[in-house]
Trainee: 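Quick one: the structure is below, questions incoming.
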Amino acid sequence: PFLPFRRAELEAWLRRRESETAQPLVVHLDPANANPKHDRSWLRHEVLPALRGRLGDGLEERLVSLARSAQGDRDAWAAVLREVPELRFRVRQGAVELAGDPLRRYSKSLSENVLQALAREAGCVLGRARAARLVEFIASRQSGRVMELGSGFQAEVAFDVIRISRAPTSDAVAAIRLETDTDGAARWGRWSFAWQTDRAGRVSREGIETWVTCGSLGVRGVESGDRLVPLGGVGRRKVRRLLMEARIPVGDRGDHPVLVRDRDVLWVPAVCRSREHVPHPGEEALWISAEHLGDGEE
């Protein structure tokens with residue numbers, strides 16, 4: 001909040017406040033401000049005086065003007081993401097996304113600038129060299145490929161959508177047990193679950209709610225070897241394959257929950273319901289709903 005003000009303006013304001021209160025202000029000096037090993041101190045004490053000696057007293061105004069111009073460029077590129085329909089920009093589950101096909105048709109320079117703007121929307125600083133490599137990475141069209149962008153970010157080609165997000169951590173979300181003896185709710189990662197006992201209705205294969213016969217239940221992440229027989233289907237299907245067919249990006253599959261009873265996977269929310277433990281209509285059963293929570297609800 002102090003950036004719009006010059007040092008002399010701030011010092012004058014402080015002196016006025018001190019005279020108005022008739023009490024000396026408490027001053028704390030940060031020794032790092034005078035230590036040239038820190039870039040900000042080196043710039044302040046060595047670089048700026050040298051530039052001022054070369055370019056004159058108008059240096060600060062020229063730097064501020066340059067900063068405003070750069071910010072205007074960034075604002076314009078952010079508007080491009082939102083105003084060009086074919087880019088199909090959106091923010092979803094903590095990631096930012098664009099359609100891949102337009103970027104393959106654009107010139108290399110235009111694609112790089114669009115990708116740098118996309119990265120900024122995610123909080124990622126994407127340099128020109130890495131943006132150029134990302135353009136080449138996108139040209140491969142291979143869904144499921146991931147490219148590390150540094151500083152904890154990654155880019156993913158997911159069904160011809162370019163997705164930039166924070167790289168998943170190695171810390172898996174611990175499994176939870178649902179206390180189904182009474183109605184209730186619980187959190188697992190970025191998902192919220194609610195349940196209650198009622199007379200069972202129709203059970204569908206997809207969706208974000210389902211019915212399950214009464215009994216103990218748990219929620220955990222997908223594990224290697226997880227399989228289920230889809231409701232209305234035949235043959236056991238790999239859960240990871242079902243997630244892929246549901247077009248869940250690779251970066252989100254490790255954070256997608258499954259509802260289990262003992263070792264049986266009963267439900268993959270928004271993806272597939274198993275044929276196991278399905279109650280008859282009108283039977284007393286557990287109604288369960290799942291909801292993915294946005295970043296602001298974390």
Side-chain angles (χ1 to χ4, degrees), residues 92-95 144 158 165-298:
R92 188 175 76 90
Q93 297 182 10
S165 63
R166 288 199 174 274
T169 65
S170 58
D171 298 329
V173 181
I176 62 171
R177 180 178 178 274
L178 305 186
E179 301 294 338
T180 55
D181 294 340
T182 59
D183 299 350
R187 289 280 301 274
W188 183 88
R190 292 181 182 271
W191 288 78
S192 165
F193 288 84
W195 60 90
Q196 64 183 44
T197 303
D198 207 337
R199 298 295 174 181
R202 179 177 173 272
V203 179
S204 62
R205 178 167 169 167
E206 300 175 351
I208 57 171
E209 59 182 50
T210 193
W211 292 92
V212 180
T213 56
C214 293
S216 63
L217 294 169
V219 175
R220 61 167 171 78
V222 179
E223 295 180 355
S224 178
D226 278 346
R227 284 177 165 80
L228 60 79
V229 179
L231 182 67
V234 294
R236 293 172 65 78
R237 301 289 309 281
K238 291 182 178 180
V239 171
R240 292 189 184 277
R241 180 72 181 181
L242 292 169
L243 291 170
M244 185 191 75
E245 292 174 356
R247 303 178 77 84
I248 305 297
V250 172
D252 288 345
R253 294 175 198 170
D255 298 325
H256 202 96
V258 294
L259 183 75
V260 296
R261 175 166 290 163
D262 298 326
R263 292 294 301 172
D264 294 332
V265 177
L266 306 187
W267 183 40
V268 186
V271 175
C272 188
R273 175 66 165 92
S274 161
R275 72 180 185 185
E276 302 295 329
H277 300 281
V278 175
H280 297 293
E283 176 185 354
E284 186 176 90
L286 288 167
W287 172 84
I288 301 179
S289 69
E291 178 186 7
H292 186 277
L293 303 174
D295 293 335
E297 299 171 89
E298 189 63 27

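Hydrogens, waters and symmetry mates play no part in the numbers below; they use all other heavy atoms, side chains included. Everything numeric here is computed off the predicted structure, so don't read it as measured data.
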Trainee: Keeping T180 on the side-chain end and G215 on the backbone end, is there a donor-acceptor pair under 3.5 Å?
Mentor: yes
Trainee: Can you tell me how far apart CD1 (I248) and CZ (R240) are? Round to the nearest 0.5 Å.
Mentor: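 Taking CD1 in I248 and CZ in R240, the distance rounds to 13.0 Å.
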Trainee: Quick one: closest heavy-atom pair of L286 and C214, and the distance?
Mentor: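 Scanning both residues completely, I find the closest heavy atoms to be CD1-CA, 4.1 Å.
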Trainee: Listing request: all side chain to side chain donor-acceptor pair (under 3.5 Å) pairs with a residue in residues 246-260, at least two apart in sequence or in separate chains.
Mentor: R163-D252
Trainee: Would you check if M244 and K238 make a side-chain contact, meaning some heavy-atom pair closer than 4.5 Å?
Mentor: no
Trainee: Roughly how far apart are E283 CD and T213 OG1, rounded to 0.5 Å?
Mentor: 7.0 Å
Trainee: Please enumerate all residues that pass salt bridge (charged side-chain N to carboxylate O under 4.0 Å, His left out) together with R202, with sequence neighbours excluded.
Mentor: none
Trainee: Among residues two or more places apart or on two chains, list those pairs meeting ring-ring contact (aromatic ring centres under 6.0 Å, His included) that have a residue in residues 217-243.
Mentor: none
Trainee: Can you list everything that forms a salt bridge (charged side-chain N to carboxylate O under 4.0 Å, His left out) with R177? Sequence neighbours excluded, please.
Mentor: E179
Trainee: So, R273 side chain and W211 main chain: donor-acceptor pair closer than 3.5 Å or not?
Mentor: yes
Trainee: Below 4.5 Å, heavy atoms only, C-beta onward: do V219 and F193 meet side chain to side chain?
Mentor: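 They are in contact (side-chain heavy atoms under 4.5 Å apart), so the answer is yes.
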Trainee: Taking salt bridge (charged side-chain N to carboxylate O under 4.0 Å, His left out) as the test, write out the residues that go with R237, two or more places apart.
Mentor: E245
Trainee: Using side chain to side chain contact (heavy atoms under 4.5 Å, CB included) as the criterion, list what pairs up with V265, not counting sequence neighbours.
Mentor: R220, D226, L228, V239, V258, V260, V268
Trainee: For A174, does its backbone N or O pair with a side-chain atom of W188 as donor and acceptor, under 3.5 Å?
Mentor: yes
Trainee: Has the side chain of W267 got a donor or acceptor atom that lies under 3.5 Å from a matching backbone atom of R205?
Mentor: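 It does not hold such a pair.
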